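Since we're looking at a predicted model, the values are computed, not measured. Naming: A, B, ... by sequence-line order, numbering from 1 per chain.
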Amino acid sequence: MTITSERYNSRQAEPKWQKAWEDAGVFIARDNTTEPKYFVLEMFPYPSGRIHMGHVRNYTMGDVIARYKRAKGFNVLHPMGWDAFGMPAENAAMENNVQPKGWTYENIATMRSQLKSMGLSIDWSREFATCDVEYYGKQQEIFLDFLDLGLVERRKSVVNWDPVDNTVLANEQVIDGKGWRSGAPVEQRELSQWFLKISDYSQELLDALDNLPGWPEKVRTMQRNWIGRSEGLQFSFDLEDENGKLIDDKLTVFTTRPDTIFGASFCAVAAEHPLSIKASENSQEIADFRKECAALGTSEEAIETAEKKGKFLGIYARHPFDSKKRVPVYAANFVLMGYGEGAVFGCPAHDQRDLDFANKYGLEVTPVVAPINDLEIKITDKAFIDNNGENTVMINSSFLNGMTISQAKEEVAKRFEQQQTGERKINYRLRDWGISRQRYWGCPIPIVHCDNCGLVPEKRSSLPVVLPDEADFDQPGNPLDRNQEWKKTSCPKCGKTAERETDTFDTFIDSSWYYARFCSPKSDKPVVADSANYWLPVDQYIGGIEHAILHLLYSRFFCRGLKKANYLDIKEPFANLFTQGMVTHMTFKGKNAGWVLPELAIKTGDKWSHKETGEPLEAGAIIKMSKSKKNVVDPEHIIDEYGADTARWYMLSDSPPDRDIEWTAAGAEGAWKFTQKLWRIIYLISKLETSNKIGIPDNFSDKASQLRKSCHKTLKSVGQDIEALRFNRSIARIHEFTNELTDMLKTNNNSAGDHFALKESATILCHIIAPMMPHLAEECWAQLGNDELISLQAWPTADESLLKENTVTMAVQINGKRRAEITVPKTMDKSDIEKVALELDNVSRNLDGLNVRKIIVVPGRIVNIVAN
RNA sequence: GCCCCUGUGGCGGAAUUGGUAGACGCGCUGGAUUCAAAAUCCAGUUCUUUCGGGAGUGGGAGUUCGAUUCUCCCCGGGGGCACCA
């Protein structure tokens, strides 16, 4: 084949079509209609400076769906915004002597134009940044609503303090004892903080996970674990002193294993437990121990290396069912004040941690659960743990002896309930969400501190509380706290001079309701019910798995809060969630150069070297692109060199979208070659005689019929694959079809039938590549002589009559091994198929000397001859 | 420690309800075209073989006429949770 076509020039074509789309307003979502809607949302970006390949992958996937759904007739909402508050802006301000506001908006401008160069089908008229006063002012209103509804509380509490970022962190933001952003070991401090009462919704958030079939099971499991429901029993011990005299205090504990009560050999309470505090008043030793525990913190090293330690408090707990028995009460460093009652009873025989503790302090170890075949079980340094209770029986346990674990649990609960000293209880790991942050670049909390009236919510008519444009970062700490002019205000209640709250909201609040704001981004009200109820829930949400807990759980909670405040009437914000994989790249390292950018590494044979210095480089692990390892490829360079469509195509090819994808120069080259190939095919077809444009010819050659069948099959399966988010498969189908099409172009006989089949194929090819390579699709569509934008065209319907096959090819097996294949009419009945199969040369030869015992015919699939 | 996911050619990965394993792409090999190169096109590409076949989806067993797919055990890789009582 001689190539006479011009090459496709993405640098000219892409900006041209982007402008055409904008001029025609193709991507504007329509409000106030009854059309079927589709809301596609990708997690909005933090404006860090420039887009990276992860953004390209994420937004390409969403865009494919948005464009496809538009073509399928949906009123599509596909918006973009900026998660613009947060620490990096303050860090940049400190390092480069700029203001967070200017830095942020400049980054937004850069990234907006980069995203636009990708040709995303976004309704830019709805764009906002969370640092826009029009946005965060509305957020303050929602906070006051939540306050009115009792969803907010101010509490003095021990909080996670990040000593590097100088701020409080929520539990969800502490990862392995370190700040999620700074990585610094988190300390414990006591502060007055605002909390959102997410724990009121623990059960509701847990239950509703069952009604989210469109979410990955993995994410639902992670949320279930995080909420951490556990069923058990809460009961109180009577306490006595050394001499056996009953004292006033009681000790309340929570346990999931009440069945092991007769194995109890000690009780342990947290260092901050009232009993510890009380004991420390009379004992320097205990006071020192408490200090030691407080200093330990929750850092990873501390948790992993800390020995199980305790101090006897000088008091004993009376066994609830055995008046002769009492157990010592310890303060212990492994008991958490924040969970349950901050106190446990220890049963060493059946809990490894309790056993370690008991062995250290020489406490009694009594097994109370035994395998039915080993009733004489001995426990030394390994606890016997059987959670499901199969083949085990209670021993050494008075009235529980002989019972199963679950019978024993039930019996103990009943007895406590009868004595009214205990009750069944459900505990959750999920704590309330601390939302105060001692930072400047965030949404101000609309509260005033008045000496007379205490804490007073700002008047709604005085909202928004506007963040000062500039802040001074000369000293550590919160610049707002030092801004006397901004701080000074009058009390909304009594009018006297008062001070503003200088904490700002956790930025996760900003992203907890942005999806609702996109439904009515310009409204005076935070959320307009009619718009929200029309557009929500988000039909397809796409983002990284790293937000499986934090952002997604907070958003689910916020949605419930918004509902309670009558802003909307939907149950869950995101009907379908997709977590996309990361973009990875090989790393390069040189002895002198350190980490080296991929563009500076050149390959000779199988060795790598530095492009400029010639230094040999070591090709290392293939890991997520990161600035620190320098294994990054700048999307702008790729778009400049190959065009956005090529970058988009590569991101969708090969790897399933939920898995990681490796970026390679060769892969990008391959995607670029394919864009050129597509263009050549369309170009050549466009140059064919057009006299047969009217009507379907009566006769088709076999090849033309075959091509038409493939064409319609491809159309159908590409649509199905896009709907199932299996982009790699739809791309494979398109490759297959273009291979057939190329073949046909070479052998076509210039008949009306062949030309018709080719033109039909070219037309449908434009449609099916349009969601993925929209610019090329427009260019091809125009090349075929169409005046309108393909972005405005409906997705074509596959011709069912062409999808039907009259014949079918079936494999013929002998004893499960494939020996031949037959092509028979689809309607042929079983016995005829058997006959045909048995007559095959290869079959009769292989059956020589064997007895045919059975023939299995699955019409349309397989013939299996069983013989021996 | 507990829970979840995953394992298929040199590589990324295909394979409705169990029904022709390796689609499609990358890479590689050979060829055509070219003064040459790029680009493009064609052929081949799981392993093995005495060219009849044989083996083969991490390993082992099981169910079945038939297993990448279902069940059990083991091994490797990834992730989540974790002094949570």
Side-chain angles (χ1 to χ4, degrees), chain A residues 1-3 7 176 216-226 228-230 232-234 253-258 260 267-268 270 298 302-304 306-308 332-336 338-347 351-354 356-357 383 385 387 427-430 545 548-549 622 650 653-656 658-662 664 666-671 673-674 676-677 680 720 726 728-739 742 746 809-822 845-846 853-867:
Chain A
M1 182 169 66
T2 333
I3 304 300
R7 292 173 79 74
D176 289 338
E217 189 51 47
K218 185 179 178 169
V219 175
R220 290 193 279 169
T221 305
M222 283 165 73
Q223 292 213 352
R224 274 189 202 106
N225 289 341
W226 188 262
R229 177 191 154 106
S230 75
L233 193 71
Q234 182 175 302
V253 299
F254 174 74
T255 179
T256 55
R257 293 294 303 273
T260 63
C267 283
T298 54
I303 287 171
E304 276 181 11
E307 224 183 319
K308 314 275 169 283
N333 62 356
F334 60 84
V335 182
L336 305 174
Y339 186 78
E341 298 299 311
V344 297
F345 78 78
C347 175
D351 182 296
Q352 192 58 47
R353 190 198 51 208
D354 291 348
D356 294 345
F357 189 82
I385 294 154
N387 291 319
N427 262 320
Y428 300 90
R429 221 177 66 105
L430 183 66
I545 187 88
I549 296 170
I622 298 159
Y650 184 19
S653 307
D654 290 349
S655 286
D658 52 343
R659 277 194 226 171
D660 291 352
I661 189 168
E662 187 193 352
T664 61
E669 191 77 18
K673 282 180 190 169
F674 188 68
Q676 293 297 343
K677 182 179 177 181
R680 257 194 321 275
Q720 286 171 340
R726 299 166 66 150
N728 55 323
R729 262 180 41 144
S730 55
I731 280 180
R733 295 287 92 83
I734 291 170
H735 271 290
E736 259 175 340
F737 179 55
T738 51
N739 288 343
T742 318
K746 276 180 293 187
T809 302
M810 297 165 66
V812 181
Q813 299 180 332
I814 296 172
N815 292 331
K817 290 204 169 63
R818 180 177 173 275
R819 295 296 174 188
E821 68 178 37
I822 49 172
R845 195 177 53 227
N846 277 287
R853 299 177 59 88
K854 198 171 166 189
I855 301 179
I856 290 141
V857 179
V858 184
R861 295 208 184 272
I862 206 152
V863 181
N864 191 13
I865 302 162
V866 186

Please encode protein proximity along [range] as a string of B, S and -, counting only heavy-atom distances under 4.0 Å.
| range | value |
| --- | --- |
| nucleotides 3-9 of chain B | ------- |
| nucleotides 46-64 of chain B | -------SSS--------- |
| nucleotides 18-28 of chain B | -BB--BSS--- |

Can you tell me how far [atom1] in [N] sits from the matching atom in [M], rounded to whole Å?
| N | M | atom1 | result |
| --- | --- | --- | --- |
| B:A43 | B:A36 | C1' | 24 Å |
| B:U34 | B:G7 | C1' | 46 Å |
| B:G22 | B:G80 | C1' | 33 Å |

- request: State, to 0.1 Å, how close A:Arg429 and A:Trp226 come at their nearest heavy-atom pair, and which atoms those are.
  value: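 Heavy atoms of A:Arg429 and A:Trp226 come nearest at NH2-CE3, 2.6 Å.
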- prompt: For A:Val335, which contact category applies under a 4.0 Å heavy-atom criterion: base, sugar-phosphate, or nothing?
  reply: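 Contact class for A:Val335: base.
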query: Considering only heavy atoms from C-beta outward, does the side chain of A:Ile865 approach that of A:Arg819 to under 4.5 Å?
result: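 Contact flag for A:Ile865/A:Arg819 side chains = no.
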query: Quick one: does A:Ile855's side chain get under 4.5 Å of A:Asn864's, heavy atoms only?
result: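 No, too far: nothing below the 4.5 Å cut-off.
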task: For the residue pair A:Phe674 and A:His735, categorise the inter-ring angle as parallel (less than 30°), tilted (30 to 60°) or perpendicular (more than 60°).
output: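 Geometry flag for A:His735 against A:Phe674: tilted rings.
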- request: Could you check if the base of B:G52 is syn or anti? Syn means the glycosidic torsion is within 90 degrees of 0.
  value: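 Syn, angle within 90° of zero.
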Counter-base of B:G27, judged by Watson-Crick or G-U geometry with both distances under 3.5 Å: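 B:G27 is paired with B:U45.
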